[in-house]
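Single-structure report; data block below.
Quick note on labels: first sequence line is chain A, next is B, and so on, each numbered from 1.
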2 protein chains.
Amino acid sequence: MKKKLSIKDIAEQLNVSKTTVSFVLNGKASENGVSQAMQRKVLSYIEKVGYRPNKMAQGLRTGKSKTIGMMVEDISDTFFSTIARKFEEILTTKGYKIIYGSTENNTDVTKELIRVFRNHQVDGYIIAPPPGIEEDIKALIEDGVPVIIFDRPLTELDVDSVLVDNYRGAYKATQHLLANGYKNIVMVTLLSEQTQMRERERGYRQCVEEAGGKPAILKIRYHEKKEKAIADIEQYLKNNRKTDAVFFATNYLAENGLEAIANCKLAIADRIGVVVFDDSNWFRLFKPSITAISQPIEAICTEVTNLLMERLEQKKEIAPKAIVLPTNMIIRNSSVPVKKAGRT
Amino acid sequence: MKKKLSIKDIAEQLNVSKTTVSFVLNGKASENGVSQAMQRKVLSYIEKVGYRPNKMAQGLRTGKSKTIGMMVEDISDTFFSTIARKFEEILTTKGYKIIYGSTENNTDVTKELIRVFRNHQVDGYIIAPPPGIEEDIKALIEDGVPVIIFDRPLTELDVDSVLVDNYRGAYKATQHLLANGYKNIVMVTLLSEQTQMRERERGYRQCVEEAGGKPAILKIRYHEKKEKAIADIEQYLKNNRKTDAVFFATNYLAENGLEAIANCKLAIADRIGVVVFDDSNWFRLFKPSITAISQPIEAICTEVTNLLMERLEQKKEIAPKAIVLPTNMIIRNSSVPVKKAGRT
DNA sequence: GTGAAAGCGCTAACAG
DNA sequence: CTGTTAGCGCTTTCAC
């Protein structure tokens, strides 16, 4: 077992003090008047023996762990894992590591997660918050810990946040369906208090009502069994034969909904239009390919990390920013009847 | 800013020594003869003020960080993110957090990742290793750090590992295609040294040769541009009109390959059979639905974490175990010609 | 049964 | 310009 060497060893070997080594290590050598020659000597020796400072000791001393705590609903969800990858990419270049936790969109789980992260002394938080977590986040902020919220807003809390315009995204999706001649659009969404879901619903409602229609909404419970979800959607479709388009509020719902549509033997596009909120790599391969509202993942990540770094580096008070990004509609064939426009 | 309290504060408030509090905290109270009354007193006070020990200090003292370093090729890949979620679920119950890093299947990136993880004093490693990392892993093991390898073998290194029988999975896939009457099967795989890919290739070759055919393999570069990958596969299909089935070595290749097949207007199942290594939630929704070789993700995760916990808890030497799990073929419609059996 | 004290590896104020 | 030293918060040996 190769003995891990400490700053003390380095200092002894070099016949200098720990301070000098520490200064060099932290780039404070010049400002503390360590000679260039000495700096080079230390640096090259460190390089040679492959010394790396112990983060634990550093963390204990400085109160900084150089890790960021990321909390999302479920890290296995494509949307979040793609984001996790981007965060990693960006934060790594800044010398940070990420520790993650899945909230399951559950307040208690999240509270516990925050506690654990605090114990680990994470330097900052990136959170897609579940409902009812306002108080805990507020406490964090009051303690001066950088927190960036994304994906879901936290109303009544002044905090840095990066969101997507769910309302407009849903509105545009609905509008697009109406423009393509679909008259009876049902929105399939989650039975959930999540604000972003409510916003999507609001966008849909608004658009339908403006067009003089009446909204039809089917809600599925969050962790509903796949079979039950499919059966429910199927049932709805059978009881409402006039329905000629479906707007799925999430990717995950579409997974079940598309199966339900297949079971009902309804021809997508011609007999029933389909638009999904959140894109998937696979959608372009479906026949017909599936129209989707895609979130600007790249932009979300850079905005979040920018805000975070700002907080991390800034010492002076800065007012929280709320950034809202537009969605992007990717029109494919599922929302365009063949008679009017597309090929399947 | 709420002052974070330390064990010293607790001790002072309670008029006992830090030692006593520490013993209670670590469940070593009874064995060190702290009275029941005192234990209850400490516990209830701690509960009341919400004290939680500082992991950094604990880590510095004990050399344990209670975090596990997970390194996979790319955390945004569904396979790995699903696994990450499961790891999290299991390790959380044991009091561990996970810090992750994406290797990009690159040796240097991985080396650096290992260094960073070491600095962070992670207690154990879960690694899907890139080629050429043997030496570094060996060094880790010699230092007595628990390391569990998964997904890809590290030949010539005696280390705990959990793998899937890629050879047999590929063999079975090929056999299944042959059994369904497909004669000219091409395997589309990655131009890669990764052992698991080589094993899949070997399984395919073996099966084709046993049947008296001659293997046909199309290799795509790893981070190839999507358009180029699609064009290459398309080209192959056009130049080899006799090809009547495709075996995709990964999910990711299938994404492009299915598009190529669509571009060539070849009817999946009837004109061209398709099997994919690695399942996707979306495959059952394709028309026709896509036959896949699925990896036992649940089992992989429990085996990996079991091995890890064993190493973490055990003090005595134990011989490394190599666990190989079987794959599971999910026969859907893409590999069964309609004339013979299925519906689309 | 309980407490004092050493020390994990590091940073940074303060001496020299 | 460089070194000495005092902790950061915790665990654990050893003495009372």
Output the rounded distance in Å from CG (L60(A)) to P (dT11(D)). 12 Å

Between the protein and nucleotides 12-16 of chain C, list every N/O to N/O distance that falls short of 3.5 Å.
unit_1  : atom_1 : unit_2 : atom_2 : d
dA12(C) : OP2    : K28(A) : NZ     : 3.0
dA12(C) : N6     : T19(A) : OG1    : 3.0

Test S102(B) against E73(B) for side chain to side chain donor-acceptor pair (under 3.5 Å), laying out the working first. CA-CA 5 Å; S102(B) 299; E73(B) 179 169 333; over 6 Å; no

Could you state the CG-P distance from N54(A) to dC8(C), rounded to the nearest angstrom? 12 Å

Show every salt bridge (Lys or Arg N to Asp or Glu O under 4.0 Å) that has at least one partner inside residues 43-65 of chain A, sequence neighbours left out. R52(A)-E112(B)

Nearest heavy-atom approach of F87(A) to I126(A) is CE1-CG2, 3.6 Å

Intermediate values then yes/no, side chain to side chain contact (heavy atoms under 4.5 Å, CB included), L308(B) and D160(B): CA-CA 9 Å; L308(B) 182 62; D160(B) 283 312; over 6 Å; no

Spacing of E12(B) atom CD relative to dA4(C) atom C1', expressed in whole Å: 14 Å

If you find the nucleotide of DNA chain C closest to A57(B) and the one closest to N15(B), which residue's nucleotide is nearer the 5' end? N15(B)

Scan residues 38-53 of chain B against DNA chain C and write down, sorted by residue number, each residue with any heavy atom closer than 4.0 Å; if none is found, say none. none

Could you give the NZ-to-C1' distance, from K64(A) to dC8(D), as a whole number of Å? 13 Å

Starting at CD of E31(A) and ending at P of dT2(D), how long is that distance when rounded to a whole Å? 15 Å

Would S65(A) and Q58(A) satisfy side chain to side chain donor-acceptor pair (under 3.5 Å), going step by step from the backbone distance to the final call? CA-CA 8 Å; S65(A) 60; Q58(A) 252 175 330; over 6 Å; no

Take atom CG of L14(B) and atom P of dG1(C), then tell me their distance rounded to the nearest Å. 19 Å

In whole angstrom, give the distance that lies between atom NZ of K8(B) and atom P of dT12(D). 20 Å

Pairing residues for D74(A) by the side chain to side chain donor-acceptor pair (under 3.5 Å) criterion, not counting sequence neighbours: S76(A), R85(B)

Does OP1 or OP2 of dT11(D) have a side-chain N or O of Q58(B) closer than 4.0 Å? yes

Worked check of side chain to side chain donor-acceptor pair (under 3.5 Å) between N306(B) and R311(B): CA-CA 9 Å; N306(B) 282 347; R311(B) 289 255 169 234; over 6 Å; no

Let me know the distance between CD1 of I7(B) and C1' of dT11(D), rounded to the nearest Å. 8 Å

I83(B) vs I297(B), side chain to side chain contact (heavy atoms under 4.5 Å, CB included): CA-CA, chis, key distance, verdict: CA-CA 7 Å; I83(B) 281 183; I297(B) 292 189; 3.7 Å; yes

K321(A): side chain to side chain donor-acceptor pair (under 3.5 Å) partners, not counting sequence neighbours: E310(A)

In terms of relative ring orientation, are F80(B) and F150(B) parallel, tilted or perpendicular, with 30° and 60° separating the classes? perpendicular

Between N54(B) and R118(A), is a side chain to side chain donor-acceptor pair (under 3.5 Å) present by the stated rule, with each step listed? CA-CA 8 Å; N54(B) 178 324; R118(A) 293 212 76 164; over 6 Å; no

Classify the nucleic acid contact of N119(B) as base, sugar-phosphate or nothing, counting any heavy atom under 4.0 Å across all strands shown. nothing

At what angle, to 10 degrees, do the two end axes of the helix from dG1(C)-dC16(D) to dG16(C)-dC1(D) meet, given five pairs define each axis? 50°

Do any side-chain nitrogens or oxygens of S17(A) fall under 4.0 Å of OP1 or OP2 in dG3(D)? yes

Does the Lys NZ or Arg CZ of K28(A) fall within the cation-pi geometry relative to F23(A) - under 6.0 Å from the ring centre and within 45° of the axis? no

